[in-house]
Amino acid sequence: MSDRLPHEKGFHVSWDQLHRDARALAWRLDGEGPDDGAWRAVVAITRGGMAPAMIVARELDVRVVDTISVKSYNHQAQSQPKVIKSPDMTVVGDGTGVLVVDDLVDTGRTIEVVRQHMPKAHIATVYAKPSGKPQVNSFITEVSQDTWIFFPWDMALQYVQPYRGTD
């Protein structure tokens with residue numbers, strides 16, 4: 001067990017970095033959909049997947065966008081994941097041609113629940129930790145399991161004391 005707090009091994013993601021990484025994810029997925037390379041729909045895993053999904057949908061010109069909401073965290077502690085809002089299943093069906101986007105796969109438990117709803121969907125995340133990586137089809141950046149990712153929607157700008165020279 002580490003004596004570190006989550007922020008001591010943190011990976012801070014700015015809005016600019018998230019935008020670049022989400023666009024890189026879109027480029028990786030371009031032409032990979034089953035319908036002549038196109039995707040039928042994008043489903044964001046809320047809440048963290050909403051910003052990357054919007055960027056991916058824009059880049060790939062996908063107009064059908066929906067959400068699935070899975071609650072698996074209570075503050076920073078994981079709990080049993082459960083779906084609290086499903087996408088329009090008449091549109092997404094079994095997931096064929098559907099691109100599911102999230103910001104991060106950590107343990108993969110959220111993705112397991114999503115796959116139960118859309119078993120044939122393509123799951124893509126911007127960031128992936130080793131435990132969850134086998135659950136996704138595509139991702140951009142891998143981070144270590146013990147790294148806490150600070151997303152831009154979780155942070156505020158504030159003054160930071162310099163390491164040296166406080167004068």
Would you say the side-chain atoms of K129 pair up with the backbone N or O of T147, donor to acceptor, closer than 3.5 Å? yes

Does some side-chain heavy atom of V13 sit less than 4.5 Å from a side-chain heavy atom of P152? yes

Would you say W27 ends up clustered with V101 if hydrophobic residues are merged whenever their side chains have heavy atoms under 4.5 Å apart, either directly or through other cluster members? no

side-chain contact (heavy atoms from CB on, under 4.5 Å) for V126 and R20? Distances and angles first, verdict last. CA-CA 10 Å; V126 182; R20 280 190 299 272; over 6 Å; no

Between Y127 and F151, what is the ring plane arrangement, given parallel below 30°, perpendicular above 60°, and tilted in between? tilted

Could you tell me whether the side chain of D66 and the main chain of D88 form a donor-acceptor pair under 3.5 Å? yes

Could you pull out every donor-acceptor pair under 3.5 Å between side chains of residues 41-62 and any protein atom, sequence neighbours left out?
from	atom 1	to	atom 2	distance (Å)
T46	OG1	S69	OG	3.0
E59	OE2	R23	NE	3.1
D61	OD1	R63	NE	3.3

In sequence, state the C-alpha distance, the side-chain angles, and the governing distance for V83 and K71, and then conclude on side-chain contact (heavy atoms from CB on, under 4.5 Å). CA-CA 7 Å; V83 174; K71 185 175 182 182; over 6 Å; no

Atom pair OG1 (T96) and CE (M118), whose distance is rounded to the nearest 0.5 Å: 11.5 Å

Considering all heavy atoms, the nearest R109-Q80 contact: NH2-CA, 3.3 Å

Name each donor-acceptor pair under 3.5 Å that joins a side chain in residues 133-141 to protein atoms two or more places apart or in another chain, with its distance.
from	atom 1	to	atom 2	distance (Å)
K133	NZ	E142	OE1	3.0
N137	OD1	R115	NH2	3.0
N137	OD1	I123	N	2.7
S138	OG	H122	NE2	2.7

Straight-line distance of L18 CG to D16 CG, nearest 0.5 Å: 9.5 Å

Hey, are D146 and S144 close enough side-chain-wise for a donor-acceptor pair under 3.5 Å? yes

Taking V91's backbone N and O only, do any of them form a donor-acceptor pair with R40's side chain (distance below 3.5 Å, no angle check)? yes

For K82, is the NZ atom crowded, meaning more than 12 foreign heavy atoms sit under 6.0 Å from it? no

Here the side chain to side chain donor-acceptor pair (under 3.5 Å) pairs for residues 28-39, sequence neighbours left out, are none

Measure across Q116 and P119 and return the closest heavy-atom pair with its distance rounded to 0.1 Å. O-CD, 4.2 Å

